[in-house]
Amino acid sequence: MAELVQQGKVRYIGLSEASPEAIRRAHAVHPISALQSEYSLWERTVEAEILPTLRELGIGFVSYCPLGRGFLTGQAKRAEAFENDYRHLDPRFQGDNFDQNMRLVQQVKEIAVAKGTTPEQIALAWLLHQGNDIVPIPGTKRVAYVEENAKASNIVLNTEELDRLGEIAPIGSAAGDRYTQERMNWLDVN
């Protein structure tokens, strides 16, 4: 990839789901511009080692699934409802995990109602308050949702609200693993 940059065929190099060690190794060969990984109110494990490594090296962060695969919209359905969707295998959408995660989302909804906004806007606003080096990429199929999500950039959360969200969803608070064990083995996050 570094050779392709030198040849002018590639402008920037990014990584996805890489461990701090892999980030450092890659960055030593050629500067890495961004890392993409899952990050949201309910998936905060990148805060422990990944984000500090990126900030030390001056690498940006692209957050995918910033709405927790749709869970943080407050409209989530159980795994069984996703017959033709990868979420039917997602441990966080199954059984007791689903119920526990919905309790977390209900608390986010309460903050949203108090602010006169939506749970997804609160979740995205929280993410935008985590640093100027973080860019969320919420996925959607509808223009109306893109427009609604964009309004999150206008929401200011005060220290009390940020603290409350942190209490509602501390690191490790989501019930269930991010992926099945097979899919977790595909990631280089350890």
Side-chain angles (χ1 to χ4, degrees), residues 11-18 23 32-47 50-51 54 59-94 97-98 100-102 104-109 111-112 115 117-155 157 165 168-169 171-189:
R11 293 184 76 187
Y12 303 100
I13 299 175
L15 300 173
S16 182
E17 293 286 4
I23 295 165
I32 301 301
S33 298
L35 173 80
Q36 172 184 267
S37 190
E38 185 174 356
Y39 185 35
S40 68
L41 258 175
W42 83 335
E43 180 50 57
R44 298 179 55 188
T45 55
V46 298
E47 291 177 13
I50 302 292
L51 285 177
L54 298 177
I59 299 170
F61 186 82
V62 177
S63 165
Y64 74 79
C65 293
L67 297 175
R69 295 170 176 33
F71 219 101
L72 293 169
T73 67
Q75 305 299 315
K77 299 174 186 161
R78 291 186 174 277
E80 300 81 34
F82 296 107
E83 185 178 319
N84 297 317
D85 187 302
Y86 68 91
R87 288 175 283 190
H88 78 280
L89 298 174
D90 191 318
R92 292 182 176 177
F93 286 78
Q94 298 174 354
N97 291 342
F98 180 88
Q100 184 174 331
N101 290 329
M102 282 305 287
L104 179 152
V105 171
Q106 184 57 42
Q107 293 179 70
V108 175
K109 278 184 175 181
I111 291 173
K115 291 276 291 179
T117 188
T118 66
E120 53 267 41
Q121 288 170 337
I122 291 295
L124 291 170
W126 175 86
L127 192 57
L128 292 169
H129 279 75
Q130 302 311 301
N132 291 333
D133 54 348
I134 298 173
V135 176
I137 52 170
T140 185
K141 296 177 184 175
R142 296 182 177 83
V143 172
Y145 293 153
V146 172
E147 292 168 349
E148 185 174 315
N149 290 342
K151 292 177 184 175
S153 65
N154 298 322
I155 297 172
L157 298 172
L165 288 164
I168 290 169
I171 295 173
S173 62
D177 293 328
R178 286 174 59 189
Y179 297 109
T180 62
Q181 187 56 53
E182 177 186 20
R183 288 186 178 194
M184 283 301 292
N185 291 337
W186 297 348
L187 308 178
D188 176 27
V189 292

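Note that these values count all heavy atoms, side chains included, but never hydrogens, waters or copies made by symmetry.
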Undergrad: Checking P119 now: which residues fulfil side-chain contact (heavy atoms from CB on, under 4.5 Å) with it, not counting sequence neighbours?
TA: V108, K109, A112

Undergrad: Does anything in residues 128-146 form a side-chain hydrogen bond (donor to acceptor under 3.5 Å, both in side chains)? List the pairs, not counting sequence neighbours.
TA: R55-D133

Undergrad: Look up atom CZ in R69 and atom CG in N101, then write down how far apart they are to the nearest 0.5 Å.
TA: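 So the CZ of R69 and the CG of N101 are separated by 12.0 Å.
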
Undergrad: Report the residue from L35, V46, I32 that forms a side chain to side chain contact (heavy atoms under 4.5 Å, CB included) with L54.
TA: L35

Undergrad: Going by the rule side chain to side chain donor-acceptor pair (under 3.5 Å), which residues pair with E47 if we only count those two or more places apart in sequence or in a different chain?
TA: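 Applying side chain to side chain donor-acceptor pair (under 3.5 Å) to E47 gives Y39, R44.
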
Undergrad: Please step through side-chain contact (heavy atoms from CB on, under 4.5 Å) for the pair I50 and S37, ending with a clear verdict.
TA: CA-CA 9 Å; I50 302 292; S37 190; 5.6 Å; no

Undergrad: Which atoms form the tightest heavy-atom contact between P66 and L72, and what is the distance?
TA: O-CD1, 3.9 Å

Undergrad: Sequence neighbours left out, what passes salt bridge (Lys or Arg N to Asp or Glu O under 4.0 Å) with K151? Give chain and number order.
TA: none

Undergrad: Quick one: closest heavy-atom pair of L104 and A169, and the distance?
TA: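 Taking L104 first and A169 second, the nearest heavy atoms are CD1-CB, 4.0 Å.
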
Undergrad: Go through the structure and list residues passing side chain to side chain donor-acceptor pair (under 3.5 Å) with T73, not counting sequence neighbours.
TA: none

Undergrad: Do you see a donor-acceptor pair shorter than 3.5 Å between the side chains of E38 and S40?
TA: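 Side-chain D/A pair, E38 to S40: absent.
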
Undergrad: Under the side-chain contact (heavy atoms from CB on, under 4.5 Å) test, which residues partner E148, sequence neighbours left out?
TA: T118, E120, Q121

Undergrad: Can you tell me how far the CG atom of L165 sits from the CD1 atom of I111, to the nearest 0.5 Å?
TA: 4.0 Å

Undergrad: Do E17 and Y64 have side chains that get closer than 4.5 Å, going by heavy atoms?
TA: yes

Undergrad: Determine whether I122 and L157 satisfy the following criterion, side-chain contact (heavy atoms from CB on, under 4.5 Å), listing intermediate values before the conclusion.
TA: CA-CA 8 Å; I122 291 295; L157 298 172; 4.1 Å; yes

Undergrad: Given side chains that start at C-beta, do those of I134 and L127 come closer than 4.5 Å, heavy atoms only?
TA: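 Side chain of I134 against side chain of L127, heavy atoms only: contact under 4.5 Å found.
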
Undergrad: State, to 0.1 Å, how close L128 and P136 come at their nearest heavy-atom pair, and which atoms those are.
TA: CD2-CD, 3.7 Å

Undergrad: Indicate yes or no: at least one non-hydrogen side-chain atom of L124 is less than 4.5 angstrom from one of P138.
TA: yes

